[in-house]
Amino acid sequence: MTAQPFTATITGSPRIGPRRELKRATEGYWAGRTSREELESVAATLRRDTWAALAEAGLDSVPVNTFSYYDQILDTAVMLGALPPRVAEVPDALDRYFAAARGTDTIQPLEMTKWFDTNYHYIVPEIGPDTRFSLDATKVLDELTEALEQGIPARPVVIGPITFLLLSKAVEGASAPIERLDELIPLYTDLLGRLAEAGAKWVQFDEPVLVTDISADAPALAERVYTALGAVTKRPGLFVTTYFGDPGAALGALARTPVEAIGVDLVAGAGADVAAVPELADKTLVAGVVDGRNVWRTDLESALDTLTTLRGSAATVAVSTSCSTLHVPYTLAAETDLDDNLRSWLAFGAEKVTEVVTLARALRDGREAVADEIAASNAAVASRKADPRLRNEQVRSRIASITSTGAQRGDAAARREAQDARLHLPPLPTTTIGSYPQTSAIRIARAELRSGKIDKDEYIRRMKSEIADVIALQEQLGLDVLVHGEPERNDMVQYFAEQLDGFFAPQNGWVQSYGSRCVRPPILFGDVTRQHPMTVDWATYAQSLTEKPVKGMLTGPVTILAWSFVRDDQPLADTANQVALAIRDETVDLQDAGIAVIQVDEPALRELLPLRNADKDAYLKWAVGAFRLATSGVADSTQIHTHLCYSEFGEVIGAIADLDADVTSIEAARSHMEVLEDLNAIGFSNSVGPGVYDIHSPRVPSTDEMVTSLREALAAVPAKRLWVNPDCGLKTRSTEEVTASLTNLVAAAQQVRPDA
Ligand code: GLN
Ligand code: ZN
């Protein structure tokens, strides 16, 4: 097999549509508003336009089969015949696919989880003892044929078997899915033959799992699988790619197989050691030098230096993005609100393709051939370095002086005493996590403010009326620590990003989060500073309506970083501390305004955990440090809460204790005992609120079941350390559900409460 090497490509591309066309079409189809024909025609148009743009921009190999109606792992499950038996009752293939993704009235959907350390979520395939793998190559062959007919140099992209199995979950007592790897080899062999027959010159197998420590055997498995697939006689050129980190030992393992091309992410991990793999000498090295998942413009000069170094170690060096551009918005051209400097520092999906093509041209024709592009890139680098928004010495020296004296609170017991004396809470105090139902009045007010139908004052008036309703409801329910309900927040990160200097919030920067869901992460580009209080007016207004304590509600620094595009010119830890300082100033202002309880949410603490074990401790150290910087500015008598959105702490359990919040509320989807015993085992001795009410379901939990949960919890944690709360915010629920559930929650607390 001798496929003509390619020189310029990208790993994959977004598919939701530049104007979220696919979102609208699929949601319309689910709701019965859009016909199947319309949906398919929107999809076909998006594919055609995407490929045409990539080929026109100058890529000599264009990824196809990166389109998806929902998710690429679910597509792979379909390709391998691995949908769960419970969806088989749906006769139509596309509806069956959507049933697996989203469920139906009678069918439970598959689980969804985070795609490595990105904010994309994939559908987790279930592999049971009865799963019989079989190849269904319809989708990939159709897309290949469609693209070839359009004259596109198409390269089908398929998730590799190791990644597929290691990301799947065993069900019904089946053994680990990866043990069935050998069963997939004949299917992939078959697939290679069909792709070759259909005219594919290359195929790309994605194996991002090779940059993680999920399985220590992965490099050896990769060597075995790709040696076998490499031996297939009738096949396209084989391009195996890794991304999101350093493939480590897997790189040498892949290089020892007959695959013709290997991809590495030179932004997120792989380094100089790539050049030291002798077996690369006769291969195409696909060098991911253009960042596929962050929004910064590539420094062409330094990328060219990297490419030039690599040149000696491989037969061909092809230029690519570090990973699929699925993770960045479509194009900078859609942003009209950017100043010229900031614009010059950025590259979204379309601009990254141009960078790839420019770099490939420089490799082929020499640097002089792209002198103008290099000059523009250098100017952007210089402008970014010189921009005053990137360095605020006052912020930097304040952080240095606080951290040098140790950003930590006083003794926990003394804090408890001071807080008890101030708050007079009953044992097993009841509270909620922050948000209350997003009523239609809230949505209308937001839309009318945006369209100019109402002014800011009217908007504030309406939000205050929402807050008053929520406070009245909580009074009536008899909760002990109240919240204002967060009606004014569109999103728990964007709300703060819009008020802090150093952030830019794109208008059209949509990125797929899962299925038809998109998010618009803010861009953190400069030193972060807080010009004015962000939440104090709302909190004090809420507090003025009640004698009970109202919790101030803030988002923590790690979560703000996790859900933003973050500057790449300094360590994440430094950026986290700047955000932390802004939050710290906010906590102090809240305290000075009379707020006695402040919650700092960190639902994303576990999300940012590095993919390699060796990097985890360093991450947890700065993450905890940033949280402590954010929360240690207040007096002992101010009670700090935090909220975490998961119950299986795994590797972050020690860090949760180190946060040293006075009260930690957590999900307790597993049993309460387990959650609390995990915490006890590491000596956690502050207060804890294991969620007794699953807000993810519309079901109203009974008083009895919450009493049972609380009794269970009391077996692990003394009454004076136990709080009673739902497991997350109530934003997605209806007021009726919330009223009924919280009535029962308060009744349960009263039943279990020891007489104080
Ligand atoms: N305070 C937020 C809320 O109640 C927390 C959200 C979250 O945990 N993701 O909505
Ligand atoms: Zn939560």
Side-chain angles (χ1 to χ4, degrees), residues 112-114 119 121 430-439 442-443 446 463 466-467 470-471 473-474 479 481-497 513-514 517 519 521 534-535 538-539 542 550-564 583 586-587 590 595 597-608 627 630-631 639-649 652 656 659 661 663-670 675 688-697 723-735 737-738 741-742 745:
M112 185 170 72
T113 196
K114 272 173 65 76
N119 280 327
H121 301 73
T430 53
T431 191
T432 52
I433 304 304
S435 57
Y436 270 71
Q438 287 268 325
T439 60
I442 297 176
R443 272 191 283 266
R446 210 169 278 155
M463 292 300 122
E466 292 290 325
I467 291 173
V470 165
I471 295 287
L473 173 65
Q474 296 172 88
L479 288 155
V481 174
L482 312 193
V483 296
H484 79 290
E486 307 179 23
E488 79 289 8
R489 301 188 190 176
N490 38 2
D491 173 280
M492 64 187 289
V493 169
Q494 197 170 358
Y495 178 77
F496 292 96
S513 170
Y514 65 87
R517 259 293 283 263
V519 293
M534 303 179 281
T535 64
W538 300 113
V550 174
K551 270 195 275 194
M553 195 58 61
L554 305 172
T555 303
V558 179
T559 299
I560 290 183
L561 254 56
W563 297 346
S564 301
I583 300 298
E586 189 74 13
T587 62
L590 283 167
I595 302 296
V597 182
I598 301 170
Q599 179 171 309
V600 179
D601 289 326
E602 281 292 20
L605 181 69
R606 195 176 65 176
E607 281 186 28
L608 277 194
F627 183 88
T631 52
Q639 188 169 69
I640 296 288
H641 289 219
T642 191
H643 168 67
L644 307 167
C645 267
Y646 37 87
S647 63
E648 299 197 41
F649 310 119
V652 301
I656 290 172
L659 296 177
V663 182
T664 302
S665 65
I666 45 174
E667 272 189 30
R670 298 182 303 157
V675 168
V688 58
V692 288
Y693 152 29
D694 173 14
I695 64 93
H696 302 96
S697 141
W723 282 64
V724 181
N725 47 256
D727 66 4
C728 199
L730 303 168
K731 162 157 79 186
T732 56
R733 296 269 66 91
S734 73
T735 304
E737 286 159 1
V738 162
S741 299
L742 292 178
L745 179 143

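When a ligand or atom number is given, it counts from 1 through the structure's own listing order.
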| said: Need the ligand 1 atom indices (1-based, order shown) with element for anything under 4.0 Å from a heavy-atom of G434. | reply: 4 (O)

| Backbone N or O of A604 within a donor-acceptor pair of the T559 side chain at under 3.5 Å? | yes

| Under the 3.5 angstrom rule, does the side chain of E602 hit a backbone N or O of V558 as a donor-acceptor pair? | yes

| Relative to the heavy atoms of I433, which atoms of ligand 1 are at a distance of less than 4.0 Å? | 1 (N), 4 (O)

| query | Among protein heavy atoms, which sits nearest to atom 10 (O) of ligand 1, and what does the distance come to when rounded to 0.1 Å? | reply | S435 OG, 2.8 Å

| Check: C728 N/O within less than 3.5 Å of ligand 1 N/O | no

| Quick one: which ligand 1 atoms are inside 4.0 Å of a heavy atom on G729? | 3 (C), 4 (O), 10 (O)

| query | So is E486 polar-close to ligand 1, meaning N/O to N/O under 3.5 Å? | reply | yes

| Hey, mind stepping through V470 and H484 against side chain to side chain contact (heavy atoms under 4.5 Å, CB included) and telling me if it holds? | CA-CA 7 Å; V470 165; H484 79 290; over 6 Å; no

| Validation row: I433, S665 side chains within 4.5 angstrom (heavy atoms) | yes

| query | For ligand 1, which atoms, with element, lie under 4.0 Å from some heavy atom of C645? | reply | 7 (C), 8 (O), 9 (N)

| Is there a side-chain contact between Y436 and L473 (heavy atoms, below 4.5 Å)? | yes

| request: Please report which non-hydrogen protein atom sits nearest to atom 1 (N) of ligand 1, along with the residue it belongs to and the distance in Å to one decimal place. | output: D601 OD2, 2.6 Å

| remark: When rounded to the nearest 0.5 Å, the distance separating OG of S435 from CG of D601 is 9.0 Å

| task | Number the atoms of ligand 1 from 1 as they appear, then name those within less than 4.0 Å of a heavy atom of M553, with their elements. | result | 1 (N)

| request: List the atom of V652, the atom of R606, and the distance in Å for their closest heavy-atom pair. | output: CG1-CG, 3.9 Å

| field | Test log, rule salt bridge (charged side-chain N to carboxylate O under 4.0 Å, His left out), inputs K114 and E607 | value | CA-CA 8 Å; K114 272 173 65 76; E607 281 186 28; 3.1 Å; yes

| query | Are the side chains of L742 and Y693 in touch, meaning some heavy atoms are under 4.5 Å apart? | reply | yes

| remark: Hits for ring pair (Phe, Tyr, Trp, His ring centres under 6.0 Å) against H641, two or more places apart or cross-chain, chain-then-number order -> W723

| request: Below 2.8 Å of the Zn ion (ligand 2), tally up the protein N/O/S atoms for me. | output: 3

| field | Heteroatom distance test (W563, ligand 1): nitrogen or oxygen, under 3.5 angstrom | value | no

| request: Among all protein heavy atoms, pick the one closest to atom 6 (C) of ligand 1 and tell me residue, atom and distance. | output: M492 SD, 3.6 Å

| request: Could you tell me which non-hydrogen atom of P487 sits nearest to which non-hydrogen atom of I467, and how far apart they are? | output: CG-CG1, 3.7 Å

